[in-house]
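Comments concern the structure below.
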Amino acid sequence: QEWQNPFATWDPQDFCNISEVVLPMDTYWSPPIFILERVNGQNPELNYMVLMHNGSFNSTRPFQVTLTCSLIILKFPFDTQSCNLSIASFLYPVTDFVMKTRRTPAEVMKDSQTFLLTDGEWKFTNLSIIEYTEKMDDKRFSVVTYVISIERRPTLYILNLILPTCALYLLDMAVLFGPSSLEEKINFQIAIILGSSMLAVILNNSLPTSSNKPPIIGTH
């Protein structure tokens, strides 16, 4: 965060060439911001800010939070999701408090790719920034939303779910149209039904549940 305070300035030559000082956050006014999609998380312990001689404040505070995100898993496991991270302050209207992004979406995306873990289930694909005002109780408030696009890595689900399911269906067709006797076909069909039931249980535990439409793989 960076903001300007014209009442907190001094001439470094009058104070032993000191051009910046580190102060606690409660020393001066600081922007009160909130993450709208936040469910829970840890508040940072770095409650300090840097004050420059020209009245410029700088505060770098790392947050670790859990956000809510509406998932659309119809194409699971080949789905792409977009999650919002909205930063706002509903204490001051837009006439008193306006938030602006310092860096472009390309710069933020480049920094995000350096910090993102690349060996997880999701692949970071894109990031865009939207600046707008939201009306609430006849007042407008400044909001900055980071739209994060992520793509699921389907390799694990292909190996554990899709390939075994296709193998069971092919085996079912081979047994059904094969030259085996009726008793052998019945035994094979019972085994295939049991295998399909086990795969259905595994699939039910693996599929996300926060979606309006069930995935195609779960309806077949």
Determine whether Met49 and Tyr28 make a side-chain contact, defined as any pair of heavy atoms from C-beta on separated by less than 4.5 Å. yes
Indicate yes or no: at least one non-hydrogen side-chain atom of Ile18 is less than 4.5 angstrom from one of Pro12. no
Evaluation steps, side-chain contact (heavy atoms from CB on, under 4.5 Å), between Val39 and Leu67: CA-CA 5 Å; Val39 177; Leu67 307 178; 6.0 Å; no
Please assess Tyr48 against Leu23 for the test side-chain contact (heavy atoms from CB on, under 4.5 Å), listing each intermediate value before the final yes or no. CA-CA 6 Å; Tyr48 292 91; Leu23 300 173; over 6 Å; no
Joint hydrophobic cluster, Met52 plus Met25, side-chain heavy atoms closer than 4.5 Å: no
Heavy-atom check, side chain of Thr80 versus side chain of Ile150, under 4.5 Å: no
Between Val147 and Phe124, is there shared hydrophobic-cluster membership here, with clusters defined by ILVMFWY side-chain heavy atoms closer than 4.5 Å? no
hydrophobic_cluster_shared for Ile130 and Val143, side chain cutoff 4.5 Å: yes
Suppose we screen for salt bridge (Lys or Arg N to Asp or Glu O under 4.0 Å). Which residues come up paired with Lys100, at least two apart in sequence or across chains? Glu131
Who passes side chain to side chain donor-acceptor pair (under 3.5 Å) against Arg140, sequence neighbours left out? none
Go through Ser86 and Ile35 one step at a time and tell me if the side-chain contact (heavy atoms from CB on, under 4.5 Å) criterion holds. CA-CA 6 Å; Ser86 302; Ile35 300 177; over 6 Å; no
Please tell me if the side chains of Glu151 and Gln81 come closer than 4.5 Å, counting only heavy atoms from C-beta onward. no
What residues form a side-chain contact (heavy atoms from CB on, under 4.5 Å) with Thr104, not counting sequence neighbours? Ala106, Glu107
Between Tyr146 and Thr101, is there a side-chain heavy-atom distance shorter than 4.5 Å? yes
Pairing residues for Glu20 by the salt bridge (Lys or Arg N to Asp or Glu O under 4.0 Å) criterion, not counting sequence neighbours: none
Answer with yes or no whether the side chains of Asn84 and Thr145 bring together a donor and an acceptor at under 3.5 Å. no
With side chains defined as the heavy atoms from C-beta onward, is the minimum distance between Ser112 and Leu127 less than 4.5 Å? yes
side-chain hydrogen bond (donor to acceptor under 3.5 Å, both in side chains) pairs touching residues 3-18, sequence neighbours excluded, are none
Rounded to the nearest 0.5 Å, the SG atom of Cys83 sits from the CG atom of Leu71 at a distance of 6.0 Å
Are any non-hydrogen side-chain atoms of Glu121 and Leu156 less than 4.5 angstrom apart? no
List the steps and the verdict of side-chain contact (heavy atoms from CB on, under 4.5 Å) for Val108 and Ile129. CA-CA 9 Å; Val108 177; Ile129 303 175; 4.1 Å; yes
Atom OH in Tyr157, atom CZ in Arg152: separation rounded to 0.5 Å? 5.0 Å
Could you check whether any side-chain heavy atom of Val65 comes within less than 4.5 Å of a side-chain heavy atom of Glu37, counting everything from C-beta outward? no
More than 12 heavy atoms of other residues, nucleotides or ligands under 6.0 Å from CZ of Phe78: is that the case? yes
How many angstroms lie between atom CG of Asn47 and atom OG of Ser59, to the nearest 0.5 angstrom? 8.5 Å
Identify all side-chain donor-acceptor contacts of residues 87-98 below 3.5 Å with residues at least two apart in sequence or on another chain.
unit_1 : atom_1 : unit_2 : atom_2 : d
Ser89  : OG     : Pro32  : O      : 2.5
Tyr92  : OH     : Trp29  : NE1    : 3.0

